[in-house]
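Below, each value reflects all heavy atoms present in this structure, side chains not excepted, and no hydrogens, waters or symmetry copies. Keep in mind the model is a prediction, meaning the values are calculated, not measured. Each ligand, and each atom within it, is numbered from 1 in the order the structure gives.
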Amino acid sequence: MTSRRSFITQSALAFTALSASRVLGANEKIRIASIGLGGQGMGNASRMAKVPGVEIAYLCDPDTAALDKAKKVYPQAKTTQDLRKVMEDKDIDAVIVSTGNHWHVLASIWALQAGKDVYVEKPVSHNIWEGRKLVEAARKYNRIVQGGTQQRSDPLQDEIKGFLDAGTIGKIKYVRCNHYSMRATIGKQAEPLAPPSTVNYDLWLGPAKDEPIFRQKFHYDWHWDWNTGNGEMGNWGPHILDDLRNVVFRDKVTLPKRVIAGGGRFAWDDAGETPNTHFAYMDTGDIPVIVDFHNLPRQKGIKAPDVYLRRRTGAFLIIECEGGYYTGSRGGGTAYDAEGKKLHTFKGDGGKTHAANFIAAIRSRKQAELKAEIEAIHYSSAWCHLGNLSYRLGQKYNREQAEAAVKDFQPWNDVIADFHEHLVKNELDAATLDIKMGPMLELDAAKETFIGETATPEALALLTREYRAGYEVPQAV
Ligand SMILES: NC(=O)c1ccc[n+]([C@@H]2O[C@H](COP(=O)([O-])OP(=O)(O)OC[C@H]3O[C@@H](n4cnc5c(N)ncnc54)[C@H](O)[C@@H]3O)[C@@H](O)[C@H]2O)c1
C-alpha cells in the first residue's frame with residue numbers, strides 16, 4: 001500500500017513533470033480551480049470569472065455542502081473534495097487558494113510544483129518559515145503568485161504616496177495602524193465539536209494538529225484558534241500592515257527590527273485562543289509603527305466599535321506627519337492639516353482590478369506586473385505573525401514595565417493609555433484580568449529569525465509549526 005507520505009513525494013514528482021505547462025495565447029481561455037469555497041472563495045471565483053477569458057473549471061472543498069452550493073453557480077466545473085486531484089489535472093492553469101490560513105502555503109506549493117499559477121489569500125502563510133518556502137517555490141518554478149491583499153491594485157495607494165511626497169503635511173513622524181471592529185464570543189462547548197458530516201475532516205485539517213475543537217461553529221471561527229488561524233492580527237492585520245508597507249515604506253522595509261506586543265482575550269469565556277484586544281510596537285529603524293486592534297465594543301452594552309480620530313469603522317492607517325495627518329481605510333481616506341482642517345479627500349475602489357491584474361500577469365508571464373507579488377505579501381504577513389509571536393510569548397502584564405519597554409515614545413504610552421481606557425469602558429478591571437505582555441523580539445530581517453536574548457527556543461519554535469504527517473511543507477520545495 002502506498003503511504004500518504006510517499007503519495008505526496010510521488011505526486012510532487014508527477015507535478016514537477018507537468019510543470020512545463022501550457023503556453024497561453026493572448027486570447028486563450030485561462031482555466032482556474034477555486035480551492036476553498038467559503039465566503040471569500042466564492043467571492044474570489046466570481047471576481048475571477050468576470051475577467052474576460054477566464055473559466056472557473058474546477059471547484060474544490062472538503063465540504064460537499066460547499067461544493068454543492070458552488071456547483072449551482074458553476075455547473076460546468078468539475079468538483080472534488082481533494083485538492084491533489086486539482087494538482088493532477090493538466091487542464092488547470094491556475095488555482096485560487098481561499099482555504100483556512102493553515103492550508104495556504106502547502107496548497108500553493110503543491111500547485112506551483114504542478115506548474116500552476118497561484119492566487120493565495122491573506123495572510124499568505126500561517127507562520128514565517130513556511131511563507132519563505134512559498135516564495136522559494138514561486139521562484140524555483142518561475143510562476144505567477146499573487147497575494148490576496150487587493151488594495152494593492154487600488155489607485156488610491158499611489159495617490160496617497162504622491163500626496164505624502166508632495167510634502168503638504170510634512171515628514172512622517174510615526175504611523176498608527178488601528179482596527180476597531182466588533183466581534184462576538186465563539187462559545188465553548190463541554191464536548192468536542194463534531195465536524196459536519198459533509199466534511200472530509202482529514203483534508204480540512206491538512207497540516208494542522210488533530211486536536212479537539214470546543215467552539216460552536218465549525219467554519220470561519222478557525223481564525224481564533226492558533227492551530228488553524230492567526231487571530232485578528234492575521235485577519236485584518238495583513239491588509240493594514242500591507243497598506244503600511246506599500247504606502248509608507250514603499251516595500252523597502254522588509255521586516256521590523258524589533259517587535260513587542262501585549263493584550264488578551266477579555267470579556268468572553270469561550271474556546272477562542274487569540275486576543276480580542278491587541279497592541280504592538282514595531283521598530284523599523286526608520287518610521288516607528290503602533291498597531292492597535294479592538295474587538296470589544298466602544299462601551300459595555302453599546303453595539304458600536306471603538307473610535308479613534310473621529311473615524312468609526314474599517315481598517316485605519318493613520319499617518320502622523322509634522323504638519324498634519326492622513327487617516328484612511330480601504331474605502332478611501334482624508335488628509336488634515338495640524339489644526340484638523342480637511343485638506344484632501346481620497347476615494348478608493350477597494351482593489352476591484354486585483355483579479356484582472358493576476359490574469360494579465362498570467363498572460364504576460366511577468367512577475368513584476370503583479371501588484372501583490374508573493375514576496376511582498378510574505379513580508380506583510382510576517383509582520384502580523386511577529387505581532388502574534390510577541391503576544392504568545394507574553395508574561396503577566398505590568399503597566400509600568402510595559403511603558404518602560406519603549407522609552408521616550410509618546411505614541412506607545414498613548415496606546416497603553418487607550419488600552420486601559422477601553423478596558424474601563426467595558427467595565428473590566430485590569431488588576432484581575434489575564435493580560436499578557438510579550439518580550440521585545442529582535443530580528444535579523446535578512447535571515448527572518450530572532451537574534452539576541454529573545455532568540456529563545458520557545459520564540460524560535462513559533463517561527464514554524466509541527467506539520468501533521470503527510471501534510472508537511474517541504475524543507476526543499
Ligand atoms: N482578501 C480579503 O478581503 C479576504 C476577505 C475574507 C477572507 N479572506 C481570507 O480568505 C480565506 C478564507 O476565508 P473565509 O472567510 O472564506 O473562511 P471559511 O471558513 O468560510 O471558508 C474556508 C473554506 O475552505 C475550505 N477548506 C478547508 N480546507 C480545504 C482544503 N484542503 N481544500 C479546499 N478547501 C478547503 C473549508 O471547507 C471552507 O469551505 C482566509 O484565509 C481569509 O483570511 C480574505
Atoms in ligand 1 flagged as close to Q150, the criterion being non-hydrogen separation under 4.0 Å:
1 (N), 2 (C), 3 (O)

Can you spot which of V105, V145, V135 makes a side-chain contact (heavy atoms from CB on, under 4.5 Å) with H378?
V135

Among all protein non-hydrogen atoms, which one is nearest to atom 38 (C) of ligand 1, and what is the separation to 0.1 Å?
D61 OD2, 3.5 Å

Return the orientation label for the Y471 and W110 ring planes: parallel under 30°, perpendicular over 60°, tilted otherwise.
tilted

Aromatic ring proximity, centroids under 6.0 angstrom, F293 and H278:
no

Would you call the rings of H102 and H126 parallel, tilted or perpendicular, taking 30° and 60° as the class edges?
perpendicular

Can you list the atoms of ligand 1 that are under 4.0 Å from a heavy atom of Y220?
15 (O), 19 (O)

May I ask whether M42 has any heavy atom positioned less than 4.0 angstrom from an atom of ligand 1?
no

For atom 44 (C) of ligand 1, grab the closest protein heavy atom and report residue, atom and distance to one decimal in Å.
E121 OE1, 3.0 Å

With respect to G148, determine whether any N or O atom, backbone or side chain, lies less than 3.5 Å from an N or O atom of ligand 1.
yes

Could you tell me, atom by atom, which parts of ligand 1 come under 4.0 Å of a heavy atom of H223?
43 (O)

What protein heavy atom lies closest to atom 41 (O) of ligand 1? Include the residue and the distance to one decimal.
N101 OD1, 2.7 Å

Name the orientation class of the two ring planes belonging to Y467 and W129 (parallel below 30°, tilted from 30 to 60°, perpendicular beyond 60°).
tilted

Taking the side chain as C-beta and beyond, is there a heavy-atom pair between F450 and L443 under 4.5 Å?
yes

With heavy atoms of H104 as the reference, note each atom of ligand 1 found under 4.0 Å away.
41 (O)

Please list the nearest protein heavy atom to atom 35 (C) of ligand 1 with its residue and the distance rounded to 0.1 Å.
P62 CD, 3.1 Å

Where on K122 is there a heavy atom closer than 4.0 Å to ligand 1, on the side chain, on the backbone, on both, or on neither?
both

Closest to atom 17 (O) of ligand 1 among protein heavy atoms sits W222 CZ2, 3.7 Å

How close does the nearest protein non-hydrogen atom get to atom 21 (O) of ligand 1, and which residue and atom is it?
G38 CA, 3.4 Å

Below 4.0 Å from ligand 1: does a non-hydrogen atom of G206 turn up there or not?
no

Would you call the rings of F419 and F266 parallel, tilted or perpendicular, taking 30° and 60° as the class edges?
tilted

Thinking salt bridges, do D93 and R363 make one under a 4.0 Å N-O criterion?
no

Would you tell me whether Q151 and D243 have side-chain atoms, one donor and one acceptor, within less than 3.5 Å of each other?
yes

Sub-3.5 Å N/O-N/O distance, L83 and ligand 1
no

With heavy-atom distances below 4.0 Å as the criterion, list the atoms of ligand 1 near G39.
16 (O), 20 (O)

Identify the closest protein heavy atom to atom 12 (C) of ligand 1: which residue and atom is it, and at what distance?
S98 O, 3.2 Å

Taking only non-hydrogen atoms of H239, do any sit less than 4.0 angstrom from ligand 1?
yes

min-distance protein heavy atom vs atom 6 (C) of ligand 1 -> Q40 OE1, 3.5 Å

May I ask you to check if R215 and W224 form a cation-pi contact, with NZ or CZ under 6.0 angstrom from the six-membered ring centre and within 45° of the axis?
no

Compute both the distance and the angle, then confirm whether R176 meets the cation-pi test with Y308: under 6.0 Å from the six-membered ring centre, within 45 degrees of the axis.
yes

Before signing off on this row, confirm whether I35 and ligand 1 have an N or O atom pair separated by under 3.5 Å.
no

When the ring planes of F218 and W204 are compared, do they come out parallel, tilted or perpendicular, using 30° and 60° as the limits?
tilted

Restricting to heavy atoms, the pick from D82, T149, T99 nearest atom 24 (O) of ligand 1 would be T99

Please work out whether the ring planes of F163 and F346 are parallel, tilted or perpendicular, with thresholds of 30° and 60°.
perpendicular

